[in-house]
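A short worksheet on the structure shown next.
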Amino acid sequence: MSLILYYGSGSPFAWRVQLALGHKAIAYEAKLLSFSAGDLRQPSFRALNPRGEVPLLLDDGFPLAESAAILEYLDERFPDSPKLFPGDLRERALARRLVREVDCHLARAEVMLTEELFFESNPAERDAARIAEGRALMARELAYFDGLLSAKVFGERFTAADFTLYPFVAMVARYELRQPELALSSEFGLALRAWMTRIEALPYFAQTYPPHWRA
């Protein structure tokens, strides 16, 4: 078995797959690609994923992109390891629903803030109105997911939903490094903070932490 994960440091979409692989205790080779060096534009990588995006899973020559699809694939490819979509029909449907909610709603705020705070290197050129919109949307979504965690909607066992949500929440600290006045961490509720602590205590968490965030 040859399993390779192409990822970018800090990509929340790649990070969820790394957490999922850790959860399932699946051995794999991690290949770190550089956004700034243009690794994702290289013909060799575009041959595997024409969209030039990470994550990309390569399983014995079979390339699979799109993080949500990768999570589903891992559960079916390795059925004897801990499930990402466990339980009965409705429990699995709930996990899929939560993954979609993160990708359809919380990710919108992530895109706005990431594009303005990281893709625009000149602070004077950043769109203040778009940052404010992204901040408001992020705050609203953090409150929403804190409510779901308080109500035990996510459940006690970690699933694909947890590993999808965590990297987006973790991005808050990075935004505040660029623009401290965003103060988005002040929007973390008690349930969200406790849940983050549980994720960060996982034995495989440190291995998945974005390399360039350690500096």
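A quick note: this is a predicted structure, and the numbers were derived from the prediction, not measured. All residue numbers in this chain count up from 1 along the given sequence. We use all heavy atoms of the structure for the numbers below, so side chains are in, but hydrogens, waters and symmetry mates are not.
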Side-chain heavy-atom pair [X], [Y] within 4.5 angstrom cut-off:
X	Y	answer
F13	D103	yes
Q42	L33	no
Y7	V17	no
L94	R97	yes
F45	L56	yes
W15	Y209	yes
E101	Y144	yes
I4	Y28	no

From [X] atom [atom1] to [Y] atom [atom2], the distance as rounded to the nearest 0.5 Å:
X	Y	atom1	atom2	answer
L202	T208	CG	OG1	8.5 Å
S121	R126	OG	CZ	8.0 Å
L117	L182	CG	CG	6.0 Å
E120	T114	CD	OG1	13.5 Å
L74	F85	CG	CZ	9.5 Å
L3	R77	CG	CZ	7.5 Å

Verify ring pair (Phe, Tyr, Trp, His ring centres under 6.0 Å) between F145 and F168, making sure each step is shown before the conclusion. CA-CA 12 Å; F145 284 105; F168 287 106; 9.5 Å; no
If you measure from the Lys or Arg side-chain nitrogens to the Asp or Glu carboxylate oxygens, is any gap between [X] and [Y] under 4.0 Å?
X	Y	answer
K24	D80	no
R130	E115	yes
E133	R108	no

Parallel, tilted or perpendicular, as decided by the 30° and 60° cut-offs, for the rings of [Y] and [X]:
X	Y	value
F62	Y73	tilted
Y166	F205	perpendicular
Y175	F118	tilted

side-chain contact (heavy atoms from CB on, under 4.5 Å) with T164: which of L98, V102, L84?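 Of the listed residues L98, V102, L84, the side-chain contact (heavy atoms from CB on, under 4.5 Å) partner of T164 is V102.
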Let's go through W213 and S9 carefully: what are the C-alpha distance in whole Å and the side-chain angles of both, what is the deciding distance for side-chain hydrogen bond (donor to acceptor under 3.5 Å, both in side chains) to 0.1 Å, and is it a yes or a no? CA-CA 8 Å; W213 288 15; S9 180; 5.3 Å; no
Short question: side chain of [X], backbone of [Y] - any donor-acceptor pair under 3.5 Å?
X	Y	value
E176	L184	yes
K31	L5	no
E187	A139	no
D60	S2	yes
S11	G8	no
D162	T159	yes
R135	A183	yes
Q179	E181	no
R92	P86	no
R198	E156	yes

Are W195 and D146 close enough, and set up right, to give a side-chain hydrogen bond (donor to acceptor under 3.5 Å, both in side chains), and what steps lead you there? CA-CA 9 Å; W195 169 83; D146 181 71; over 6 Å; no
Around atom CZ of R100, are there more than 12 heavy atoms of other residues, nucleotides or ligands at under 6.0 Å?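 No, because the 6.0 Å sphere around CZ of R100 holds 12 heavy atoms or fewer from other groups.
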Could you report the tightest heavy-atom contact between [X] and [Y], atom names first, then the distance?
X	Y	result
P167	L19	CG-CD1, 4.3 Å
D75	P82	OD1-O, 4.1 Å
A109	L137	N-CD2, 3.6 Å

Is the distance between the ring centroids of F163 and H23 under 6.0 Å?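 Yes, the ring of F163 comes within the 6.0 Å limit of the ring of H23, centre to centre.
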